[in-house]
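Taking it in order: structure first as structure tokens, then the write-up.
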Amino acid sequence: MYLYNSATHKKEEFQTHTPGRVEMYTCGPTVYHFAHIGNLRSYIMEDVLEKYLRYAGYEVNRVMNITDVGHLTSDADEGEDKMLKGARREHKTVMEIAQYYTDAFFADCKKLNIKTPDVVQPATGLIPEFIQMVSGLLDKGYAYLAGGNVYFDTSKLERYYVFNDHDEEDLAVGVREGVEEDTNKRNKNDFVLWFTKSKFEDQALKWDSPWGVGYPGWHIECSCISLKYNGEYLDLHCGGVDNAFPHHTNEIAQSESYLGHPWCPQWFHVAHLNTNDGKMSKSKGEFLTVSLLEEKGYDPLAYRYFCLQSHYRKALVFTWENLDNAVAAYQKLIARIAGLKPGGDVDQAVFEQYQAKFNQVMGNDLNTSMGVTALFDVLKAKTDDATKLALIGDFDRVLGLELLKKAAAKREENAKAQTAKTEGGYTVTGEGDPAIDALVMQRYEAKKAKNFAEADRIRDELKAQGVEIVDTKDGASWKRV
RNA sequence: GGUGACAUAGCCAAGUGGUAAGGCAAGAGUCUGCAAAACUCUCAUUCCCCGGUUCAAAUCCGGGUGUCACCUCCA
């Protein structure tokens, strides 16, 4: 497969350290609040990537961290810990908050059909390992103590800016009001590995360490968790684009300095979900969650479809109109699949032909938009329904839209309609409610008498009850919607 | 100020040098008393702009412009 690699700025053939096996790491959520649908876009695309890798025959070991400590609102030893902020907002302990939002995160993932990673590791569960790594970096001379904190010395590296061509001189520090430069730092981009001194005194979670009681910096957790569960050679690291600098840059600095050899050659960055005025963000206050979509009557999987229609490396603009567009497309797709008749033999030649095409587009930098198009191509293909259903089921192992399941449910719903009444060649089919059958028949009588006002009145009355009439060739059918 | 990504119809988009896929929306038709649903058809001489290379450019090169992101915590 070919994947765009943000470390080299090129599309490259995907390679693994151990043939056939992918060591994959994905940055997980900071569990101080609900994930918004912009956050979830990344997890959806990573999920599709993981599923495609498995589909393509790789064995995948996917690791994800849960940031439940040490995530400052700023890198400059300033501001508040996000976890603590969340806890204070809700009058709960930090650990209660972490558990609550971790559960909420995975509940959202489930609704979006995002597979839980093979390993999920909360940062607070690995403190001794963090300390060991920080000690190692100090021993090797890559870190220094200043003002009570341990910092990573970026000047010790030959190449620190791996994702872009920053010139240290040009980096703006404290761009935003209220962020002060940390004067303990020797270089502009040095970052904290371990805090013992913080400007806020009531940090809830603290651990003893060789440098005093404190807590880890944000970046160390990902390096350390990956090292523990993926081993010394990581194949693929994923995350949102905003993490490329400084978070991923710092991870590389730490990991390679500690290990003494190259660490992860391939980086997969997902672009943001934007609103009309820039990216969706928690710091802006209002944000959309999966629950909110559900409250508004949206199927979370329609949002997944919305994301798949676009490419992961392209900013996607969220508007309700765009989502409605996706909902219509998703529902039509399901309705068309529901119209296919299950059973019968699969035409192997046709199956392989279409499968190869799907494989090719998905293997081309995860072209999900073309992957979705492949579904429509199958529907239009000149082959039998059994083959079409088999292909759709096969593609959906990667796309994760639960197409067969939804189509089967729809088919079942349609089957509930049973012949209820036939009079004078006019057949009313419905879900088995004689009262409604009678009304539909009354409407027919009114139509026959050219009393269209009455006929429309009955249609409106049924609609108010949530019953939809569909006129057919020789009668009418109704269903509850 | 620096760095990076992106720019194709009303919207989401494919396209990786050979003459603009697909989906949604819209319009027309069939059906219908009308509507809905369904089905059929239509819908970019042109790909942000200006140059260049080439028999041939949305695709390659140079120069602009615009949008977004990162340099603060964010997916």
Side-chain angles (χ1 to χ4, degrees), chain A residues 4 6 9 11 26-30 32-33 35-46 67 71-76 78-82 85 161 163-180 188-189 218 238-247 249 269-274 277-284 305-306 308-311 313-317 319 321-330 332-333 335-336 339 361 364 367-370 372-377 380 446-448 450-452 455-456 459 463 468-473 477:
Chain A
Y4 181 84
S6 28
H9 305 275
K11 205 192 279 185
T26 47
C27 283
T30 303
Y32 65 102
H33 214 316
H36 61 66
I37 60 172
N39 300 317
L40 289 161
R41 180 192 185 194
S42 289
Y43 297 110
I44 288 170
M45 299 321 287
E46 290 163 359
T67 300
H71 204 319
L72 295 180
T73 50
S74 147
D75 230 9
E78 164 76 29
E80 285 183 291
D81 183 279
K82 291 200 158 186
K85 204 172 161 188
Y161 304 100
F163 293 111
N164 31 37
D165 268 331
H166 280 306
D167 215 324
E168 180 148 342
E169 293 300 309
D170 296 324
L171 285 175
V173 171
V175 198
R176 201 183 61 173
E177 235 178 284
V179 176
E180 287 167 31
K188 263 185 186 173
N189 277 295
W218 174 41
C238 311
V241 263
D242 52 342
N243 278 150
F245 187 82
H247 183 232
T249 304
H269 286 123
V270 183
H272 283 129
L273 181 71
N274 292 161
D277 39 70
K279 78 171 176 177
M280 196 171 278
S281 138
K282 283 176 194 168
S283 10
K284 280 186 189 165
Y305 183 91
F306 172 78
L308 294 189
Q309 271 190 314
S310 181
H311 189 83
R313 226 146 40 75
K314 238 173 164 179
L316 179 60
V317 176
T319 62
E321 191 192 346
N322 288 356
L323 183 62
D324 287 338
N325 187 328
V327 168
Y330 182 55
K332 276 195 171 186
L333 182 62
R336 283 177 69 178
V361 297
N364 181 15
N367 194 335
T368 50
S369 170
M370 282 301 273
V372 170
T373 298
L375 293 168
F376 288 94
D377 290 342
K380 281 188 289 195
K447 278 170 65 171
K448 215 164 57 174
K450 301 229 185 288
N451 186 354
F452 297 124
D456 290 349
R459 184 166 64 195
K463 198 176 173 184
E468 190 181 271
I469 298 184
V470 177
D471 285 333
T472 57
K473 223 174 178 177
S477 78

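Every chain is numbered from 1, with letters handed out A, B, ... down the list of sequences.
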(request) Kindly say whether, by distance alone, the side chain of A:S369 makes a donor-acceptor pair under 3.5 Å with the base of B:A13? (result) no
(message) Using a distance-only criterion (donor-acceptor N/O pair, under 3.5 Å, no hydrogens), is the base of B:A35 paired with the side chain of A:R459?
(response) yes
Roughly how many Å apart are [M] and [N], using the [atom1] atom of each and rounding to a whole number?
{"N": "B:C11", "M": "B:G17", "atom1": "C1'", "value": "30 Å"}
{"N": "B:A56", "M": "B:U19", "atom1": "C1'", "value": "8 Å"}
{"N": "B:A9", "M": "B:G23", "atom1": "C1'", "value": "13 Å"}
{"N": "B:G62", "M": "B:C55", "atom1": "C1'", "value": "22 Å"}
{"N": "B:G63", "M": "B:G2", "atom1": "P", "value": "15 Å"}
{"N": "B:A37", "M": "B:U32", "atom1": "C1'", "value": "11 Å"}
{"N": "B:C39", "M": "B:A75", "atom1": "P", "value": "42 Å"}
{"N": "B:A7", "M": "B:A14", "atom1": "P", "value": "8 Å"}

Check every atom of [options] against the side chain of [X] and return the nucleotide holding the closest atom.
{"X": "A:K380", "options": "B:G22, B:A13, B:C24", "value": "B:G22"}
{"X": "A:D471", "options": "B:C34, B:A75, B:C24", "value": "B:C34"}
{"X": "A:D456", "options": "B:C12, B:C34, B:C6", "value": "B:C34"}
{"X": "A:K314", "options": "B:G4, B:G33, B:A14", "value": "B:A14"}
{"X": "A:N367", "options": "B:A69, B:G33, B:A14", "value": "B:A14"}
{"X": "A:N364", "options": "B:G23, B:A5, B:G15", "value": "B:G15"}
{"X": "A:N325", "options": "B:A69, B:A5, B:G23", "value": "B:G23"}
{"X": "A:K332", "options": "B:A75, B:C24, B:A36", "value": "B:C24"}
{"X": "A:A455", "options": "B:G33, B:A14, B:C6", "value": "B:G33"}

(message) Using a strict threshold of under 4.0 Å (side-chain N to carboxylate O), is an ion pair present between A:K447 and A:D471?
(response) yes
Describe the nucleic acid contact of [X] in one word from base, sugar-phosphate, nothing, applying a heavy-atom distance below 4.0 Å.
{"X": "A:K447", "value": "base"}
{"X": "A:Y43", "value": "sugar-phosphate"}
{"X": "A:V270", "value": "nothing"}
{"X": "A:G38", "value": "base"}

Atom [atom1] of [X] and atom [atom2] of [N]: how far apart are they, to the nearest Å?
{"X": "A:F376", "N": "B:A14", "atom1": "CZ", "atom2": "P", "answer": "15 Å"}
{"X": "A:D377", "N": "B:A14", "atom1": "CG", "atom2": "P", "answer": "15 Å"}
{"X": "A:I469", "N": "B:A38", "atom1": "CD1", "atom2": "P", "answer": "17 Å"}
{"X": "A:N243", "N": "B:G4", "atom1": "CG", "atom2": "P", "answer": "19 Å"}
{"X": "A:D242", "N": "B:G4", "atom1": "CG", "atom2": "P", "answer": "18 Å"}
{"X": "A:L333", "N": "B:C24", "atom1": "CG", "atom2": "C1'", "answer": "12 Å"}
{"X": "A:N189", "N": "B:C71", "atom1": "CG", "atom2": "P", "answer": "10 Å"}
{"X": "A:H247", "N": "B:U72", "atom1": "NE2", "atom2": "C1'", "answer": "15 Å"}

(message) Let me spell it out: for each of A:L316 and A:H272, pick the nucleotide of RNA chain B with the closest heavy atom. Which residue's pick is nearer the 5' end?
(response) A:L316
(request) Could you pick out which residue, A:T373 or A:R336, lies toward the 5' side of RNA chain B when each is mapped onto its nearest nucleotide? (result) A:T373
Only pairs with both distances under 3.5 Å count, Watson-Crick or wobble alike; so what is the partner of [N] in this structure?
{"N": "B:C24", "value": "B:G10"}
{"N": "B:A69", "value": "B:U3"}
{"N": "B:G29", "value": "B:C39"}
{"N": "B:C60", "value": "B:G52"}

Taking atom [atom1] of [X] and atom [atom2] of [Y], what is their separation to the nearest 0.5 Å?
{"X": "A:L323", "Y": "A:I37", "atom1": "CG", "atom2": "CD1", "value": "7.0 Å"}
{"X": "A:L333", "Y": "A:L375", "atom1": "CG", "atom2": "CG", "value": "5.5 Å"}
{"X": "A:K332", "Y": "A:F376", "atom1": "NZ", "atom2": "CZ", "value": "9.0 Å"}

(request) Please check the phosphate of B:A5 (OP1 and OP2 only) for any side-chain N or O of A:H9 closer than 4.0 Å. (result) yes
(request) Decide yes or no for A:N322 and A:T319: does some side-chain heavy atom of the first lie under 4.5 Å from some side-chain heavy atom of the second? (result) yes
(request) Could you tell me whether a side-chain N or O of A:S477 sits under 3.5 Å from a main-chain N or O of A:I469, the two making a donor and an acceptor? (result) no
(request) Determine, step by step, whether A:N189 and A:F245 satisfy the side-chain contact (heavy atoms from CB on, under 4.5 Å) criterion, reporting the C-alpha distance in whole Å, the side-chain angles of both residues, the deciding distance to 0.1 Å, and the verdict. (result) CA-CA 10 Å; A:N189 277 295; A:F245 187 82; 3.5 Å; yes
(request) Establish, from distance only, whether the side-chain atoms of A:H269 and A:S6 form a donor-acceptor pair under 3.5 Å. (result) yes
